[in-house]
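First listed ligand is number 1; within each ligand, the first listed atom is number 1. Keep in mind that this is a model prediction, so the values were computed, not measured.
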Amino acid sequence: MYLPIPYKIQYDTERFPFKKVIKEILQVADLEKLHELENYDVLDREKDQSTKWHRSYYENFEEKFKPLYLEFVNHLKERFNYEEIIYQKIPTFRAQLVENLGVGEWHKDRAYQHGITEVNFWLPFTDTYDTNTIWSESKEDECDYRPYNVKYGEVLVFDGANLTHGNKINKTKDTRVSVDFRLVDPSKFVNNKGLSVNGITSFTLGGYFEKM
Ligand SMILES: [Fe+2]
């Protein structure tokens, strides 16, 4: 599952119709044009989970997104040949509107208490490119930042705990909508009582993580 350099994998969007599900949850016809429906000042770290789109996603997660997500985690578990896998219970939602940010600051996830054996999966529901996608270095402290252009039907797998990553103001004509989540090899998992950015959930099994 783990490689130090970010890479992409493909999945079948007919079997995992994430885009359709997200459009139903947000009740919009066109994810790429969310910025035409609602305007926000450039989001900082405190506000980057606070738009109406985030609210819709988190309110509907259990009923409308979780079943498909669990199927997808199970698919990844089989694909990477794990008997059991530890996964992030609720994937983090991102909407990067035109002229805005999806994540408020550049960082390594471990700066926010994340465990260093977590592997990040970055799953967009729009085709991403240039400034509407994630930028990352390829090796720790290499500082060779570049955009990872990931299409719908692809997942970027990367070492977010240890690589500095972030995003730039979206100067494209399209909003990016994505979720990201972490998988951990159970043999490498360390129960971590540190709290995630919401200040409530600890990075423990039964807290931020679950096992399947
Ligand atoms: Fe991150």
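A cation-pi geometry, defined here as NZ or CZ lying under 6.0 Å from the six-membered ring centre and within 45° of its normal, holds between Arg146 and Tyr148.
Taking the ring centroids of Tyr87 and Phe181, they lie at or beyond the 6.0 Å cut-off.
At a cut-off of 3.5 Å, with distance as the only test, a side-chain donor of Asn132 or Thr172 sits close to an acceptor on the other residue. Side chains of Asn192 and His114: a donor-acceptor N/O pair is absent below 3.5 angstrom, by distance only. Residues Arg79 and Tyr11 have side chains that never bring a donor and an acceptor to within less than 3.5 angstrom of each other.
The Fe ion (ligand 1) has His107 NE2, Asp109 OD1, His165 NE2 as protein N, O or S atoms under 2.8 Å away.
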What pairs of donor and acceptor atoms, side-chain ones from residues 25-35 against any protein atom, are under 3.5 angstrom apart with sequence neighbours left out?
unit_1 : atom_1 : unit_2 : atom_2 : d
Glu32  : OE2    : Lys19  : NZ     : 3.2
Lys33  : NZ     : Lys173 : O      : 3.0
Lys33  : NZ     : Asp174 : OD1    : 3.1
His35  : ND1    : Glu32  : O      : 3.4
His35  : ND1    : Thr175 : OG1    : 2.8

